[in-house]
2 protein chains.
Amino acid sequence: MPDTAQPLPQRRLPLSRERVLGCAVDLADESGIAALTIRSLARSMGTKPMSLYYYVANKDEILDGIVDMVFGEIDLPSPAGDWREEMHRRAHAVRSALKRHPWAVGLLESRSSPGEANLRHHEATLGTLRAAGFSVHMTAHAYALLDSYIYGFALQEAALPFDGRDTASEITAPIVERFSTGQYPHMMEIATEHVLKPGYDFGDEFDFGLNLILDGLSRSMG
Amino acid sequence: MPDTAQPLPQRRLPLSRERVLGCAVDLADESGIAALTIRSLARSMGTKPMSLYYYVANKDEILDGIVDMVFGEIDLPSPAGDWREEMHRRAHAVRSALKRHPWAVGLLESRSSPGEANLRHHEATLGTLRAAGFSVHMTAHAYALLDSYIYGFALQEAALPFDGRDTASEITAPIVERFSTGQYPHMMEIATEHVLKPGYDFGDEFDFGLNLILDGLSRSMG
DNA sequence: TAGCGGTTTAGTACATTGTACGATATTCTT
DNA sequence: AAGAATATCGTACAATGTACTAAACCGCTA
């Protein structure tokens, strides 16, 4: 038996839950979450809509699944390291994951039951705080505070109309027009003296708030 | 002309953009944003789907509109008051509006162009910070920080499976089951020693973070 | 080699959605 | 009373999620 030459150079990979979810993430990244339909997903995988239902129960399971894939991309903090460094690293890791997959922020609100990666992430973060000496109550406070800040920042970033750094002025120019009526002097001021300055990147605001919060938490440990 | 007796005791109110948006908000509050369809909205108003299109261009405009209605419910901070008090009040006002209308948080990410009420709210907040003596840059930092925290907190609150206070334990009980395997000891600890304590309300965590942030901002003013 | 049971993939069909297009009803002006 | 402007609706279509059903494929025994 010399060889059973495959008809196509790249035979279609076999389907699997992982491949379905992976392709769903890619499709959402490229075309937005609204463009992620069962039909478009099947097309992107070279198969037919109903084939996917062998691996996932329904579309909701796909949405839950891709949210958890995003959490799976985030490095876990270590209880062994310095808590402040670990929390700083974690915050940036979560933010950058949510920036790579902006649709995930919007899904957080609607998906109620967390996946495995999500739970592991929570657990590691809580463990790091507890190991640092925070009390149970203080850990809960700190965690709610940090996550609120990170998610909220990601939410604002996702809502920004531009994503690159220097396109800011191009996009904001027409909006600034709208302010020129003088109704919104303080927004104008912020826009012209801060946001529209060359090299401005909203992402840079992240560290200011993060450090302020970490400082506050340090202090509250006594 | 004695009276032109209306056939129905309560004649249908005339349609208007405001009434359409108001009913859309009510419907989303009652049945969730997914249940807000053109058809269900028309039904709830006693009219037919296509009639709504005289007042709104399309469904996206409805979504933009109801987000702005939510902002319209929020009292504006005053540049005349003590900035810290004003920011505290504003934070609570935003949070409670987003709690009344949890679907709004999810829409923030997808809707890009802000409405009038939203702009007025931004303007008043920025004005209050500038009047308090914050520099332009510092105002931008503070605003991004505060809004991130508020939105993020609201996002987490919206994702919570329960909404009343004391149903917490009922709902979390089955989840706690899932942790009993011992895989997630720290989550168990937080759950049993903090979240499941009678009278616990996640909303109470809000003030901790808010005060920590306001303290930090005070300090950074010098 | 033939046949068989489980696994995997597809085809067809239906209800629900947003909304384009055009017709109708209502009100106002002259 | 007639016509114009305003407001409402009926029908129809394409896109979506997915239930139901059938087909293809696989490794195996006989």
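Using a 4.0 Å heavy-atom criterion, one finds that B:Thr37 contacts the sugar-phosphate atoms exclusively.
The separation between B:Arg43 atom CZ and D:dT8 atom P is 19 Å, rounded to whole Å. Rounded to a whole Å, the CZ atom of B:Arg17 is 18 Å from the P atom of D:dT6. We find that CD1 of A:Ile38 is positioned 20 Å from P of C:dA15, with the value rounded to whole Å. The nearest whole Å value for the distance from the CG atom in B:Leu15 to the P atom in C:dT26 is 14 Å. Separating the CE atom of A:Met45 from the C1' atom of C:dA10 is a distance of 15 Å, rounded to the nearest angstrom. When the P atom of C:dT19 is taken as reference, atom CZ of B:Arg39 falls 11 Å away, rounded to whole Å. For the pair B:Ile33 CD1 and C:dT17 P, the interatomic distance rounds to 14 Å; values are reported in whole Å. One atom, OH of A:Tyr53, and another, P of C:dA13, lie 18 Å apart when rounded to the nearest Å.
Remark on DNA chain D: of its neighbouring residues B:Lys48 and A:Lys59, the 5'-side contact belongs to B:Lys48, judged by nearest-heavy-atom nucleotide. Between A:Ala57 and A:Ala34, the residue whose closest nucleotide on DNA chain D is further toward the 5' end is A:Ala34. Between A:Tyr54 and A:Met50, it is A:Tyr54 whose nearest contact on DNA chain C lies nearer the 5' terminus.
A salt bridge between A:Asp147 and A:Arg90 is present, with a side-chain N of the basic residue lying under 4.0 Å from a carboxylate O of the acidic one. Comment: B:Glu86 engages B:Arg89 in a salt bridge, judged by a side-chain N to carboxylate O separation of less than 4.0 angstrom.
Interatomic distance, A:Ile62 CD1 to A:Ile38 CD1, rounded to the nearest 0.5 Å: 4.0 Å.
Proximity of B:Ser51 to the phosphate of D:dC9: a side-chain N or O atom is located under 4.0 Å from OP1 or OP2.
Figure legend: A:Arg95 and A:Phe206 shown as a cation-pi pair, the cationic atom lying under 6.0 angstrom from the six-membered ring centre and within 45 degrees of its axis.
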